[in-house]
Amino acid sequence: KCGSTLNMAANIKVVVRVRPLNEKERGANSRVVVDVVDDTMLVFDPKEELRPFFYQGVQQPTKNVLRRANKELKFVFDNVCGQTASNKDIFELTTKDVLASLMEGYNCSVFVYGATGAGKTFTMIGSKENPGITYLTMEHLFYTINSFEKERDFDIGVSYIEVYNENVYDLLKPSKTPLQLREDAKYGVMVAGLTLESINTARELLNMLENGNKNRTQHPTDANAESSRSHAVFQMRYKTSSQARVVKLSMIDLAGSERASATGCVGERFKEGANINRSLLDSKLTRLLKDSLGGNCKTVMIANISPSSISYEDTYNTLKYAARANKI
Ligand code: ADP
Ligand code: MG
């Protein structure tokens with residue numbers, strides 16, 4: 001069902017999430033460069049009110065001439081979420097819709113995109129105390145299925161893998177040996193030897209996701225090493241006895257986008273709708289998601305950004321990229 005690239009426009013949703021300032025960003029020498037105007041619009045690098053400067057009680061001329069002009073760029077997306085948005089709010093705006101498509105038999109994909117530290121993993125995985133959209137989506141899926149399936153005539157299997165340096169690793173059963181991709185008529189693209197955990201409730205996922213995430217080649221404190229170059233892909237396969245095919249949901253926590261511009265490997269994805277299948281991702285990810293992009297497949301992209309001037313360039317790049325994705 002997902003071979004064609006027609007109809008992309010209706011099937012890509014782009015949501016921007018601005019996280020709260022962190023401790024460091026609240027410190028000296030930084031300012032907020034993202035102004036969330038409403039639930040679909042933000043202004044990047046807004047004009048600043050010049051604070052009047054007084055010397056001995058007399059207002060002094062401002063040093064406006066020395067200042068860099070602000071970009072003051074307006075961006076409009078399907079949704080813009082400010083710092084008060086919860087993971088639940090993001091779920092409501094993104095994957096809740098996707099589940100309807102899934103139930104109709106279409107494979108779906110959800111990406112989180114953004115620089116390291118922008119909030120991708122917080123959004124996707126979160127923590128046991130504050131689960132991300134992967135858990136919330138699965139919770140809603142079980143809720144939905146249980147409400148219409150009289151007998152438990154369905155099977156849900158989940159996997160969690162890492163794509164790192166074009167190698168695929170099982171995050172549920174860590175090993176140094178990479179796994180190989182295969183194609184299967186019934187199951188679509190497969191990772192040979194991958195652990196497919198059968199689950200009956202969303203709660204079973206919490207430990208799995210947390211442990212899996214710890215197994216990633218990622219060290220959050222070490223942003224300039226190889227750490228941010230890992231993609232994590234959670235996949236859910238849903239099958240009922242009445243269905244011929246297995247339906248797949250893929251949730252992809254992409255490598256830090258700051259690497260994309262440096263390596264050119266993921267920066268231009270989504271640029272042209274027609275090329276989405278080819279240009280989206282590293283080749284391993286592209287293959288892995290071959291049956292889950294384009295056509296009638298729903299795709300959601302969540303672009304994560306920091307509001308601080310410390311991340312000015314990363315935020316600007318992420319917004320430009322997300323805006324391009326929004327156009328197709
Ligand atoms: P990334 O995966 O994009 O590198 P993380 O999700 O690890 O970034 O987020 C970086 C830090 O910011 C983490 O400590 C995380 O808990 C925190 N954080 C991210 N988004 C939010 C948010 N919306 N609210 C509160 N803290 C957040
Ligand atoms: Mg992360």
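None of these values were measured; they are calculated from a predicted model. Each ligand, and each atom within it, is numbered from 1 in the order the structure gives.
- The Mg ion (ligand 2) has Thr121 among its coordinating residues (N/O/S atom, backbone or side chain, under 2.8 Å).
- Ion pairing between a basic and an acidic side chain is recognised when a charged N comes within 4.0 Å of a carboxylate O; Lys74 and Asp35 show no such pairing.
- Within a 6.0 Å sphere centred on NZ of Lys24, other residues, nucleotides and ligands contribute 12 heavy atoms or fewer.
- With a 4.0 Å cut-off on non-hydrogen atoms, Pro20 touches ligand 1 through its side chain and not its backbone.
- A salt bridge does not link Lys298 to Asp97: none of the charged nitrogens lies less than 4.0 Å from a carboxylate oxygen.
- Within the 3.5 Å criterion, the main-chain N or O of Gly126 finds no donor-acceptor partner in the side chain of Asn130.
- Note: no N/O pair closer than 3.5 Å links Ala85 and ligand 1 by distance alone.
- Under a 4.0 Å criterion applied to the non-hydrogen atoms of Ala115, ligand 1 contributes the atoms 3 (O).
- Scanning for salt bridge (charged side-chain N to carboxylate O under 4.0 Å, His left out) contacts around Arg17 gives an empty result, with sequence neighbours left out.
- With sequence neighbours excluded, the residues forming a ring-ring contact (aromatic ring centres under 6.0 Å, His included) with Phe44 are Tyr312, Tyr316, listed by chain and number.
- Within the 4.5 Å cutoff, the side chain of Leu194 has no heavy atoms near those of the Met190 side chain.
- With hydrogens and angles disregarded, a donor-acceptor distance shorter than 3.5 Å links the side chain of Ser109 to the backbone of Ser292.
- Residue contact check: Arg19 has heavy atoms under 4.0 Å from atoms 19 (C), 20 (N), 21 (C), 23 (N) of ligand 1.
- Not a single heavy atom of Gln83 sits under 4.0 Å from any atom of ligand 1.
- Atoms of ligand 1 found under 4.0 Å from any heavy atom of Arg17, numbered from 1 in the order shown, are 23 (N).
- Heavy atoms of Ala118 come nearer than 4.0 angstrom to ligand 1 in at least one pair.
- In terms of N/O distances under 3.5 Å, ligand 1 is approached by Lys120.
- Of the N or O atoms in Thr123, none lie within a sub-3.5 Å distance of an N or O in ligand 1.
- If you number the atoms of ligand 1 from 1 as listed, the ones under 4.0 Å from a heavy atom of Thr116 come out as 4 (O).
- Residue-ligand proximity: Ser127 is placed with every non-hydrogen atom at 4.0 Å or more from ligand 1.
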